[in-house]
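Just follow the structure's listing: the first ligand is 1, and inside any ligand the first atom is 1.
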Amino acid sequence: MIDLHTHTTESDGSLTPVELISEGRRVGLEALAITDHDTLDGYDKAAPVAHGIELIRGIELSTSWQSRSVHLLAYFPHGDPGNEFRDWVLTLNHQRRQRNLLLAEKLRTAGFPIDFDEFSRGAGPRICRPHFAAAMVEKGYVASRQEAFDRFLAESGSCFVPREEPNFVEAVLKIRLARGVSVLAHPARIVRDPSCLAAHLGWMRAAGLLGLEAYHSDHSLDGQIAWAALAREHSLIITGGSDFHGAGNSKDELGTGIDGNLCVPYAVVDQLRSVL
Ligand code: AMP
Ligand code: MN
Ligand code: MN
Ligand code: MN
């Protein structure tokens with residue numbers, strides 16, 4: 001069993017990279033990729049303690065495609081992506097910070113002030129919307145993080161602030177130039193079912209997309225089979241992961257997903273290595 005989609009305190013997860021390695025060992029993972037939003041720092045911090053578990057460099061990027069936010073996973077099984085890619089990722093962090101300032105201001109204007117400095121100290125290096133949601137629960141503005149998203153923070157929420165995101169094709173190219181494997185993350189969050197994506201995968205493949213995350217804890221078992229079939233039809237490799245954010249953040253369990261709906265085979269790691 002492996003897990004190629006996880007988050008740590010370097011973005012919006014609740015375990016540190018070192019704690020995630022321990023948890024991975026406890027649940028019996030053979031391989032693990034840390035795919036924090038907009039940073040490779042999780043890998044860098046976990047690598048020294050990752051004995052007995054194969055750690056793969058990864059990152060999750062939010063990109064824009066037809067006015068939608070589409071998440072791309074990038075994996076670097078052959079080594080470090082290099083400074084040009086790392087510098088580009090730093091510019092994405094800058095866009096995130098700008099979004100966060102605007103979001104805090106919008107919430108304040110709407111009557112929900114949060115002490116940005118105070119909560120950013122506790123949140124770690126990269127502030128994500130779930131940190132805002134947690135702060136709103138703490139302030140008593142909402143009863144749950146999900147309510148914070150549903151009413152205020154989600155795209156349909158009243159305080160949503162769009163982020164400047166790199167174009168999907170640009171991101172795929174940057175990943176490819178850095179010797180990375182780009183994978184379309186949780187496709188069911190982009191379109192309702194596989195048939196809706198089929199018409200687009202041809203040009204996405206031509207642009208350099210190499211994989212589809214058919215196995216994801218959001219997907220039902222039938223869904224995983226259908227997404228995997230679509231990936232095969234378009235000669236994309238099939239990857240998978242839980243999207244683990246840590247206990248208490250969601251129902252996802254590391255490696256096994258929601259109610260055990262996930263079991264990603266080790267063969268996926270071999271495919272990641274051989275696709276480039
Ligand atoms: P950000 O990258 O700061 O915009 O935060 C995005 C993260 O917020 C995602 O990776 C999810 O972990 C979480 N998120 C996004 N939309 C929702 C939602 N509707 N309900 C709950 N969590 C969400
Ligand atoms: Mn997240
Ligand atoms: Mn995502
Ligand atoms: Mn994720």
Of all N, O or S atoms in D12, the one closest to the Mn ion (ligand 2) is OD2

Among the N, O or S atoms of H245, which one sits nearest to the Mn ion (ligand 2)?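 Result for H245 and the Mn ion (ligand 2): NE2.
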
Before accepting this row, confirm whether a basic side-chain N of the pair [X]/[Y] lies closer than 4.0 Å to the acidic partner's carboxylate O.
X	Y	answer
D41	R126	yes
R86	D80	yes
D115	K139	no

The number of protein N, O or S atoms lying under 2.8 Å from the Mn ion (ligand 3) is 3

Test item: side-chain donor near acceptor, [X] and [Y], under 3.5 Å:
X	Y	value
E213	H71	no
H131	D12	no
E165	S69	yes

Got an N, O or S from C128 under 2.8 Å of the Mn ion (ligand 2)? no

Give every donor-acceptor pair under 3.5 Å between a side-chain atom in residues 262-271 and any protein atom, sequence neighbours left out.
residue, atom, partner, partner atom, Å
Y266, OH, E54, OE1, 2.6
Y266, OH, E54, OE2, 3.3

Please find the N/O/S atom of H5 nearest to the Mn ion (ligand 4) and write down its name. NE2

side-chain hydrogen bond (donor to acceptor under 3.5 Å, both in side chains) partner of S217, the single match among N261, D3, D252: D252

